[in-house]
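Down below is the structure, laid out as structure tokens.
Quick note on labels: first sequence line is chain A, next is B, and so on, each numbered from 1. Bear in mind the structure is a predicted one, so any value in this text is a computation, not a measurement.
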2 protein chains.
Amino acid sequence: MKTTIYDIAKEAGVSATTVSKVINNKGRISEKTRKKIMKIMDDLNYRPSMLASAMKGKSTYTIALLIPDIDNPIYAQYMKYIEEYGQKLGFSIVMCSTGNDREREEKHLTLLRQKSVDGFIIASLFKNETTLKQLIKEKVPLVFFNNPKIEYSIDSVIVDDYLGGYQVGEHLLSLGHKKIGVIAEEHTSSEERIRGYRQACADKGVSVDDRLIVTCDSTLEGAQIQAEKLLSKEEKPTAIFGCNDVLAIGTMQAAKAQGILIPTELSIIGFDNTMMSRIVDPPLSTVTMPLDELAKQAMDILVQKIEKNNKITQRISMIPDLVIRQTTAPVNKAVQTNFIK
Amino acid sequence: MKTTIYDIAKEAGVSATTVSKVINNKGRISEKTRKKIMKIMDDLNYRPSMLASAMKGKSTYTIALLIPDIDNPIYAQYMKYIEEYGQKLGFSIVMCSTGNDREREEKHLTLLRQKSVDGFIIASLFKNETTLKQLIKEKVPLVFFNNPKIEYSIDSVIVDDYLGGYQVGEHLLSLGHKKIGVIAEEHTSSEERIRGYRQACADKGVSVDDRLIVTCDSTLEGAQIQAEKLLSKEEKPTAIFGCNDVLAIGTMQAAKAQGILIPTELSIIGFDNTMMSRIVDPPLSTVTMPLDELAKQAMDILVQKIEKNNKITQRISMIPDLVIRQTTAPVNKAVQTNFIK
DNA sequence: TTGAAAGCGCTAACAG
DNA sequence: CTGTTAGCGCTTTCAA
């Protein structure tokens with residue numbers, strides 16, 4: 001039999017209420033009884049059941065994180081920082097992978113609402129508008145993470161993907177590239193990154209060739225296939241922007257397989273600055289974001305909603321930063337001319 | 001106000017008991033009332049509170065996974081497969097990273113027990129014997145994952161690390177290597193892998209030089225530092241066994257930094273077959289394990305314990321397999337002789 | 001085939 | 001400063 005608040009009460013010769021009060025530091029309790037109760041709780045190794053207190057309307061100190069896919073190390077990183085900071089705040093994180101699939105997203109959502117988790121951090125695509133509206137109406141605490149939902153009044157914490165894409169564009173353009181391929185994943189963040197990239201091109205007066213912008217599932221293999229196609233086009237790109245590191249690295253593999261030299265014959269740049277970008281050869285140029293800070297903000301906002309019932313909704317955006325490593329270089333005139341003939 | 005079982009009962013003109021019975025498919029209910037109740041639940045979009053039912057002694061359908069560190073992709077993989085299969089079984093997974101730190105392990109443990117999670121899968125080091133014994137005594141459902149605790153009668157699911165180490169040893173030896181460095185992480189699995197490796201050496205009559213076996217924290221940087229030391233020894237190894245992929249890849253980076261050619265001048269082999277091993281250049285030889293199967297078994301055992309209160313304890317061990325890629329090659333006689341002079 | 005009543009472990013009025 | 005009482009939403013005897 002697990003020890004309950006009553007066991008403590010009985011042992012201390014007081015009522016359960018009193019014990020509850022000392023547990024929660026509420027009301028006024030004489031220092032004497034408080035000490036006594038504390039000691040007994042300690043002796044009996046008593047731990048209050050969070051289930052029971054949650055039933056009385058308190059929070060469960062559990063939040064759910066929805067991510068598309070752990071295989072992409074960037075999502076593992078989301079998890080890492082969110083869990084780390086959650087730990088500090090006393091929250092547990094339940095991990096839900098969704099594959100960006102609406103059904104799986106919803107299944108997690110309803111299941112976890114039944115379990116009364118306090119809130120949700122959503123990095124998964126989450127395209128279902130009906131459900132989303134429903135959640136907002138029911139005031140379920142949630143914050144979108146690196147997943148802009150500009151059409152809705154919803155809390156979100158994001159890196160400025162648009163700016164990141166712009167930086168990539170500028171960088172590539174400054175290196176003299178004009179034929180630039182883009183491999184994107186089906187996610188709002190990719191879209192924003194591309195939007196930024198396009199703007200950079202527009203600002204420099206370089207026209208973008210839409211046929212060079214392709215989408216694929218966010219796997220090494222998927223990217224490899226798309227990159228191969230891109231690289232066997234007549235109007236072969238001299239640079240490719242992978243909208244995340246996995247995509248960029250898949251592209252590197254495709255290039256290597258075709259004997260294309262990086263960065264001499266092809267510049268490649270990624271996004272996310274995952275550990276992978278440091279271990280490939282040559283090390284991948286990419287874009288980094290302040291993930292720890294993003295995670296912290298997301299948790300803070302959520303906890304505000306949960307504990308203080310905070311009503312204001314905010315949209316926090318952080319600045320990304322280029323990390324130039326060794327996969328980007330000035331366009332190789334020789335190759336270009338050779339190709340144009 | 002959330003709809004409760006009573007709202008349904010009232011609407012249907014029956015008692016809460018009856019509703020409860022149809023929810024749980026218990027007792028005998030006329031097909032008519034059952035249909036009626038079902039319909040009303042559906043109309044009102046009723047979802048039973050798992051908190052309340054958990055308070056009556058039912059399970060929470062939540063299990064906790066303790067891992068050392070998400071930064072190592074192999075642990076992200078553990079998470080992935082466990083969560084995936086958990087999803088199928090209707091269980092949510094709460095992720096706890098511990099850094100192999102006893103205090104953090106215990107904090108998670110007590111917190112989650114207060115939250116009444118149904119059980120624990122432990123991949124984290126977990127050296128605290130007192131706590132462990134306590135958990136066993138209290139019959140907390142738990143299974144150790146790739147984390148052999150041979151001294152205790154505890155359920156565990158592991159890859160046969162000993163055999164994996166043996167395979168690595170055999171492979172390296174068959175390539176003619178005699179001076180082999182080993183970089184290990186502080187974890188039971190590393191110890192087993194080394195034990196297997198030693199046995200292989202013994203079987204081939206090759207003596208192992210203990211000064212070539214070193215330990216470090218499981219980071220790229222840590223491994224790099226240790227590898228540098230190893231590679232600047234007089235008795236420089238011709239091959240290095242990284243007890244996991246991170247360690248092996250850190251070693252690759254150290255070698256590259258020193259201009260050492262892989263595999264011509266130095267063979268390197270890892271363990272875990274993470275995605276990283278495929279993207280480094282040259283691709284890393286390593287050892288693979290049937291993670292999906294391991295995860296499945298671990299969950300199945302745990303669920304047996306939770307739902308059927310299964311008493312028997314089992315230790316499941318699966319066979320790993322060498323994946324020879326391009327970082328291992330026959331020892332380079334030239335280098336050897338050159339070195340010996 | 002159905003329901004009344006008790007209770008899981010805790011907290012929040014309210015009274016004393 | 002402390003205790004009584006009621007109740008969160010559900011399940012489980014036991015009786016009808």
Side-chain angles (χ1 to χ4, degrees), chain A residues 1-38 40-41 44-62 110-118 307 309, chain B residues 1-38 40-41 44-62 110-118 306-307:
Chain A
M1 267 281 301
K2 220 184 153 274
T3 53
T4 77
I5 205 169
Y6 282 100
D7 301 325
I8 307 295
K10 194 190 292 173
E11 190 70 20
V14 297
S15 77
T17 311
T18 311
V19 179
S20 172
K21 280 180 184 149
V22 345
I23 293 173
N24 299 293
N25 280 311
K26 275 195 173 175
R28 355 203 119 276
I29 306 286
S30 75
E31 202 45 34
K32 205 174 126 205
T33 37
R34 139 177 249 91
K35 279 264 163 60
K36 188 173 175 187
I37 290 173
M38 296 281 254
I40 294 177
M41 292 200 298
L44 270 58
N45 207 340
Y46 167 72
R47 306 272 171 229
S49 152
M50 300 192 78
L51 277 192
S53 78
M55 276 222 44
K56 295 292 308 187
K58 302 215 146 182
S59 46
T60 53
Y61 291 96
T62 304
T110 53
L111 179 60
L112 288 165
R113 290 189 63 193
Q114 284 184 246
K115 293 187 185 176
S116 307
V117 302
D118 297 330
E307 301 197 326
N309 196 19
Chain B
M1 266 283 299
K2 218 183 155 276
T3 52
T4 78
I5 203 169
Y6 281 100
D7 301 325
I8 307 295
K10 195 189 292 174
E11 190 71 20
V14 298
S15 76
T17 311
T18 311
V19 179
S20 172
K21 279 179 183 150
V22 346
I23 293 173
N24 299 292
N25 280 312
K26 277 195 172 173
R28 356 203 118 275
I29 307 287
S30 75
E31 201 46 34
K32 205 174 127 204
T33 39
R34 138 179 249 91
K35 277 267 165 57
K36 189 173 174 187
I37 290 173
M38 295 283 253
I40 294 176
M41 292 201 297
L44 270 57
N45 207 342
Y46 167 72
R47 307 272 171 228
S49 152
M50 299 192 78
L51 278 191
S53 78
M55 276 222 45
K56 297 292 310 184
K58 301 215 148 181
S59 46
T60 53
Y61 291 95
T62 305
T110 53
L111 179 60
L112 288 165
R113 289 188 65 193
Q114 285 185 245
K115 295 188 185 175
S116 307
V117 303
D118 296 330
I306 294 164
E307 301 196 326

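Where the helix from dT1(C)-dA16(D) to dG16(C)-dC1(D) starts and where it ends, the local axes point in directions that differ by 40°; five pairs per end, rounded to 10°.
Atom CD1 of I8(A) is separated from atom P of dT2(D) by 17 Å (rounded to the nearest Å). In this structure, the CE atom of M41(B) is 11 Å from the P atom of dC10(D), given to the nearest Å. In this structure, K36(A) places its NZ atom 10 Å from P of dT2(D), rounding to the nearest Å.
Pairing each heavy atom of V22(A) with each of M38(A), the nearest pair is CG2-SD, 4.2 Å. Residue A16(A) comes nearest to A9(A) through the heavy atom pair N-CB, 3.7 Å, listed as atom of the first residue, atom of the second, then distance. Nearest heavy atoms, M55(B) versus M55(A): SD-SD, 3.7 Å. Here the closest heavy-atom approach between residue S59(A) and residue A54(A) is recorded as O-CB, 4.4 Å. What you find for I23(B) and Y46(B) is that their closest heavy atoms are CD1-CE2, 3.7 Å.
Applying the 6.0 Å contact sphere to NZ of K35(A) captures no more than 12 heavy atoms from other residues, nucleotides or ligands.
Between T18(B) and dG3(C), a side-chain N or O to OP1/OP2 separation shorter than 4.0 Å is present.
At distances below 3.5 Å, at least one donor-acceptor pair connects side-chain atoms of K115(A) with backbone N or O atoms of Y61(B).
Side-chain contact of S20(B) with T17(B): a donor-acceptor pair under 3.5 Å is absent, judged by distance alone.
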Study note, to complete from the structure: For nucleotides 6-16 of chain C, 5' to 3', base contacts (B), sugar-phosphate-only contacts (S) and non-contacts (-) with protein non-hydrogen atoms under 4.0 Å give -BBBBBBB---
